[in-house]
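Since the model is a prediction, treat every value here as computed from it, not as a measurement.
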Amino acid sequence: MPELPEIEIVKRSLFKMINKAKIIDIKINNKNLRYKIPNTFSKNLIGEKILRISRRSKYLIFHFKKKLLLAHLGMSGKLLLMRSCDNTIFKTSFYYDLNILRNHNHIYFILNNGLVLIYNDVRRFGFFKLYNTTQLNKIIFLKKLGLEPFNRTFGVKYFKKFVQNRKKNIKNLLMDQTFVSGLGNIYVNEALYMSKIKPLRICKSLNKNEMKNLIFNIKKILKFSISKGGSSVRDFQNTLGKSGTFQQFFHVYGQKNKNCSRISCKGKIKKITISNRSSFYCNRCQI
DNA sequence: TTCTTTGTTCCGGA
DNA sequence: GTCCGGAACAAAGA
């Protein structure tokens with residue numbers, strides 16, 4: 001379930017291993033990802049050198065001389081690197097001890113540095129889209145996004161202005177990618193717990209201190225998770241097949257019926273559904 | 001067999 | 001026109 005920290009981890013491991021590599025071949029096993037991969041995809045990418053890899057929200061961007069490749073991992077997408085052995089790479093010479101089903105390997109990018117970048121996605125909700133431009137502001141997916149959480153402008157002033165006349169609850173506001181981009185269900189639940197705010201609170205009702213604290217905690221929790229290699233709940237693994245450990249630090253997500261981890265609090269963690277998504281909160285310290 | 005899970009888009013109602 | 005949230009999407013595990 002890749003959210004911002006997980007994508008950041010993937011970006012960093014990719015950068016180390018394949019930045020400046022050239023794509024020399026592409027094999028597509030399944031075109032039917034969230035958007036169908038066009039027939040021209042391989043032809044337009046073969047021969048291109050990866051000049052830079054960046055991240056915006058939960059999107060990965062591969063930069064080429066005159067093109068951009070936008071990638072989204074959806075819910076279960078994984079990018080894996082494998083070492084190729086000469087000319088038999090598609091038969092037997094991939095080696096991996098990961099618990100990953102090979103028939104969910106949808107795309108193989110063969111690189112000139114002896115590595116193969118594999119896109120694996122059980123649910124096929126992820127996508128790749130190639131653009132004939134190097135300008136990020138031409139990409140509609142990115143244009144719609146709100147501020148990055150680490151942006152300095154993401155503060156109380158921005159929050160106040162955005163929630164004016166809004167009736168949304170705070171959980172849904174934080175999930176709204178046009179408000180702040182990169183958070184998903186896990187980090188929203190955890191950030192609200194840290195901030196002692198109940199997920200059902202109407203966003204307008206937060207006072208200035210609560211807003212300030214919540215914004216601070218969002219930045220803090222994302223940074224901490226990145227430092228732990230992200231969370232490995234269900235499907236997430238980084239590009240080298242390593243799992244993150246942030247899930248060891250969850251206080252509410254998946255903790256239904258457990259005692260609140262705040263020493264002075266005698267509350268219990270409740271699970272409710274908000275907009276078809278599970279929400280977890282302490283019934284005592286989150287107000 | 002049914003429910004749950006994930007992020008995003010689409011669509012209908014207020 | 002704007003805002004909001006439910007449904008849909010794929011697939012697997014409980």
Side-chain angles (χ1 to χ4, degrees), chain A residues 1-10 29-37 55-61 70-79 98-107 119-129 139-146 148-149 159 161-191 199-205 218 222 225 230-237 243-244 246-247 250 252-257 269-280:
Chain A
M1 47 185 72
E3 301 179 34
L4 187 150
E6 289 76 38
I7 304 300
E8 180 64 25
I9 294 299
V10 169
N29 280 349
N30 193 338
K31 293 176 183 181
N32 297 306
L33 302 183
R34 188 160 115 213
Y35 306 115
K36 194 172 178 182
I37 294 175
R55 176 193 63 75
R56 170 80 170 98
S57 183
K58 301 166 192 172
Y59 295 88
L60 273 174
I61 304 145
L70 185 71
H72 194 289
L73 305 188
M75 306 189 292
S76 56
K78 285 179 276 290
L79 283 165
L98 304 172
N99 185 21
I100 287 164
L101 291 176
R102 182 155 168 188
N103 53 332
H104 295 126
N105 285 350
H106 304 309
I107 310 177
Y119 183 64
N120 177 294
D121 191 348
V122 174
R123 296 180 187 76
R124 283 190 278 121
F125 268 27
F127 70 85
F128 285 85
K129 231 175 162 69
I139 299 179
I140 193 145
F141 293 95
L142 304 182
K143 266 169 100 171
K144 288 187 229 175
L145 296 173
E148 280 284 310
F159 193 111
K161 201 180 166 198
F162 197 93
V163 300
Q164 258 178 354
N165 308 320
R166 302 257 181 172
K167 290 187 180 118
K168 260 189 182 171
N169 62 52
I170 185 66
K171 164 94 194 289
N172 280 341
L173 179 78
L174 298 183
M175 296 288 280
D176 182 352
Q177 304 296 305
T178 69
F179 170 61
V180 60
S181 60
L183 297 176
N185 206 22
I186 292 176
Y187 294 99
V188 168
N189 275 294
E190 294 296 323
L200 286 168
R201 279 274 294 283
I202 300 301
C203 55
K204 254 201 319 194
S205 77
I218 288 169
L222 293 176
S225 181
S231 330
S232 296
V233 178
R234 290 201 171 74
D235 294 314
F236 177 73
Q237 266 157 344
S243 300
F246 181 71
Q247 69 278 10
F250 288 172
V252 284
Y253 185 84
Q255 308 298 310
K256 186 180 163 187
N257 293 333
I269 307 306
K270 298 286 172 193
K271 181 185 177 185
I272 56 171
T273 298
I274 300 175
S275 299
N276 277 327
R277 293 287 179 261
S278 294
S279 291
F280 300 88

In whole angstroms, how far is the [atom2] atom of [N] from the [atom1] atom of [X]?
X      : N      : atom1 : atom2 : result
A:E6   : B:dT5  : CD    : P     : 18 Å
A:F125 : B:dG7  : CZ    : P     : 12 Å
A:L200 : C:dC4  : CG    : C1'   : 15 Å
A:K256 : C:dA14 : NZ    : C1'   : 13 Å

Would you say [N] has OP1 or OP2 under 4.0 Å from some side-chain N or O of [X]?
X      : N      : answer
A:N172 : C:dG5  : yes
A:S275 : C:dC4  : no
A:H104 : C:dA10 : no
A:R34  : C:dC9  : no
A:H72  : B:dG7  : no

Given [options], which nucleotide is nearest the side-chain atoms of [X]?
X      : options              : answer
A:K144 : C:dC9, B:dT9, C:dC4  : B:dT9
A:S278 : B:dT4, C:dA7, C:dA12 : B:dT4
A:R124 : C:dA11, C:dC4, B:dT9 : C:dA11

Interface residues of residues 173-185 of chain A with DNA chain C (non-hydrogen, below 4.0 angstrom):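 Contacting residues: none.
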
Touch class at under 4.0 angstrom, heavy-atom based, for A:K271 against every strand present: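 Sugar-phosphate contact only.
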
Touch class at under 4.0 angstrom, heavy-atom based, for A:R277 against every strand present: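 If one applies the 4.0 Å heavy-atom cut-off, A:R277 turns out to touch a base.
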
Separation of A:S181 OG from A:K58 NZ (nearest 0.5 Å):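 Spacing of NZ (A:K58) from OG (A:S181) equals 8.5 Å.
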
Distance (rounded to the nearest 0.5 Å) between A:I274 CD1 and A:N276 CG: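 The CD1 atom of A:I274 sits 11.5 Å away from the CG atom of A:N276.
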
Backbone N/O of A:S57 and side chain of A:R55: donor-acceptor pair under 3.5 Å: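 Here the side-chain-to-backbone pair exists.
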
A:N185 and A:K171 side chains, donor-acceptor separation under 3.5 Å: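 Yes, A:N185 and A:K171 have a side-chain donor paired with an acceptor closer than 3.5 Å.
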
Test item: side-chain donor near acceptor, A:D176 and A:N172, under 3.5 Å: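 No pair is found: no donor N or O on one side chain lies under 3.5 Å from an acceptor on the other.
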
Lys/Arg cation over aromatic A:Y35: A:K129, 6.0 Å, 45° cone: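 Yes, cation above the ring, under 6.0 Å and within 45°.
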
Mutual orientation of the aromatic rings belonging to A:F162 and A:F179 [parallel < 30°, tilted 30-60°, perpendicular > 60°]: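 Correct class here is tilted.
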
